[in-house]
Amino acid sequence: MEIFNRIIKRRLENVYFLWGRGKTTVVALLLQRFGDDAVIYSTDDSRWPHMCEADPEESPYMCRDYEAEYGVSFWELPPAVIAEREEHVLREMTPFITADLLMLAGKHRVVFCEGDIDYAAAAPIASHAVYLCNRSTGFDWFRRPDHAEALNAIRCRTDLSDNERQAKIDAAYEAVACEEGIIPDWVRRYRIPVVIWDDTTTPEQTASEVALLFSLQVSD
């Protein structure tokens with residue numbers, strides 16, 4: 001496995017991993033600087049296509065229908081179930097992600113990979129990675145349009161009382177905010193560089209700090 005990881009790491013030398021909070025905003029700013037030299041790979045965007053091609057015997061969690069089992073939408077699942085599901089899904093999905101990145105790395109000078117992944121598997125093959133730590137007071141994961149629909153689905157339920165709806169919303173926030181503002185143990189374990197941003201930091205400043213950590217230079 002160590003030899004395998006070294007081979008993959010060499011082939012992914014031009015892939016830059018961004019983890020933590022604010023990834024999408026920062027990577028979009030980085031892409032503006034590199035233009036045609038770079039491409040963004042979102043693990044979130046790749047999730048559904050890979051789930052569709054997953055084999056139940058090889059990737060049982062990717063093929064498991066939690067919503068049908070529990071009779072609720074994803075964000076109404078208990079936080080512990082969401083965490084358990086994500087851990088296993090990411091572990092099964094990371095080989096698919098790695099295959100995608102190997103293909104992109106051969107076609108582009110710079111590949112920005114942003115999104116959740118099995119960090120234990122990704123850290124040994126990542127030549128460049130950074131963790132973005134959110135210390136702001138106004139950040140709301142569900143404020144983004146592509147995330148807001150999750151809470152709207154709960155708010156629109158007429159079979160629940162106001163208190164029941166609020167309890168489910170609170171549980172959804174608990175599921176996404178468990179590591180908000182802290183540096184997870186795995187980041188320290190794998191010695192991932194950290195960029196902290198807060199209410200005084202602009203996205204442009206964070207993007208510049210990430211580019212500096214990555215030693216990225218805009219090509220002429």
Side-chain angles (χ1 to χ4, degrees), residues 9 11-50 86 90 93-94 97-98 100-119 122-123 125-151 173 176-184 186-188 190-220:
K9 186 172 184 176
R11 296 188 180 185
L12 297 180
E13 283 182 338
N14 58 330
V15 176
Y16 298 80
F17 294 88
L18 288 90
W19 299 322
R21 285 286 192 252
K23 305 176 296 294
T24 304
T25 299
V26 169
V27 81
L29 291 170
L30 291 173
L31 187 66
Q32 291 177 12
R33 302 184 183 192
F34 294 91
D36 294 338
D37 282 341
V39 66
I40 295 174
Y41 179 88
S42 167
T43 63
D44 287 347
D45 291 345
S46 74
R47 177 173 296 217
W48 178 247
H50 289 324
E86 285 300 285
L90 289 176
M93 193 170 68
T94 294
I97 294 172
T98 304
D100 289 345
L101 292 174
L102 285 167
M103 178 188 66
L104 291 172
K107 296 181 177 180
H108 302 274
R109 185 174 77 88
V110 173
V111 179
F112 294 114
C113 177
E114 64 98 359
D116 293 326
I117 197 170
D118 179 359
Y119 304 108
I125 61 173
S127 296
H128 316 280
V130 67
Y131 183 83
L132 305 178
C133 180
N134 165 38
R135 296 272 173 87
S136 72
T137 59
F139 178 81
D140 185 345
W141 191 89
F142 287 107
R143 188 175 295 163
R144 270 178 43 179
D146 55 333
H147 294 166
E149 62 184 42
L151 291 191
Y173 271 105
V176 299
C178 57
E179 294 185 341
E180 208 70 66
I182 67 171
I183 301 173
W186 64 265
V187 174
R188 304 181 194 278
Y190 296 114
R191 299 179 181 179
I192 307 297
V194 176
V195 172
I196 296 174
W197 59 275
D198 56 26
D199 294 329
T200 68
T201 313
T202 68
E204 289 77 15
Q205 288 172 326
T206 303
S208 293
E209 191 170 349
V210 169
L212 185 62
L213 273 174
F214 284 159
S215 299
L216 281 169
Q217 301 293 328
V218 179
S219 62
D220 296 331

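Quick caveat: nothing in here was measured; it's all calculated off a predicted structure.
S208 meets the side-chain hydrogen bond (donor to acceptor under 3.5 Å, both in side chains) test with R33; sequence neighbours excluded. Residues passing the ring-ring contact (aromatic ring centres under 6.0 Å, His included) test with Y119, sequence neighbours excluded: W19, W186. Residues satisfying the side-chain contact (heavy atoms from CB on, under 4.5 Å) criterion with L213, sequence neighbours excluded, are V130, P193, V195. Considering only residues two or more places apart in sequence or on other chains, E86 meets the salt bridge (charged side-chain N to carboxylate O under 4.0 Å, His left out) condition with R47. Among residues two or more places apart in sequence or in another chain, the side-chain contact (heavy atoms from CB on, under 4.5 Å) test is passed with A38 by L31, F34, V110, F112. For P49, there are no side-chain contact (heavy atoms from CB on, under 4.5 Å) partners two or more places apart in sequence or in a different chain. For T201, the side-chain hydrogen bond (donor to acceptor under 3.5 Å, both in side chains) partners two or more places apart in sequence, or in a different chain, are D198. Residues forming a side-chain hydrogen bond (donor to acceptor under 3.5 Å, both in side chains) with T206 (at least two apart in sequence, or on another chain): none. In terms of the ring-ring contact (aromatic ring centres under 6.0 Å, His included) criterion, H108 has no residue partners (sequence neighbours excluded). Listed by chain and residue number, I183 satisfy the side-chain contact (heavy atoms from CB on, under 4.5 Å) test with R188 (two or more places apart in sequence, or in another chain). Residues passing the side-chain hydrogen bond (donor to acceptor under 3.5 Å, both in side chains) test with Q205, sequence neighbours excluded: T202.
H128 contributes no side-chain N or O that, together with a main-chain N or O of N14, makes up a donor-acceptor pair within less than 3.5 Å. Between the side chain of K107 and the backbone N or O of L104, no donor-acceptor pair lies under 3.5 Å.
Shortest non-hydrogen contact noted between A126 and K9 is O-CE, 3.7 Å. The shortest heavy-atom contact between I182 and C133 is O-SG, 3.7 Å. Here the shortest heavy-atom pairing between D100 and S46 reads OD2-CB, 4.4 Å. Residues T25 and P203 approach most closely at CG2-CB, 3.8 Å, considering heavy atoms. The shortest non-hydrogen separation linking A207 to V26 is CA-CG1, 3.9 Å.
To the nearest 0.5 angstrom, L18 atom CG is 11.0 Å from T43 atom OG1. Note that CG of N134 is 8.5 Å distant from CG of D199, once rounded to the nearest 0.5 Å. The distance from atom CZ of F214 to atom CD of E209, rounded to the nearest 0.5 Å, is 11.5 Å. Note that CD1 of I192 and CZ of F17 are 10.0 Å apart. Values are rounded to the nearest 0.5 Å. R11 contributes atom CZ, which lies 12.5 Å from atom CD1 of I125 (distance to the nearest 0.5 angstrom). Taking CG from D44 and CG from D116, the interatomic distance works out to 6.0 Å, rounded to the nearest 0.5 Å.
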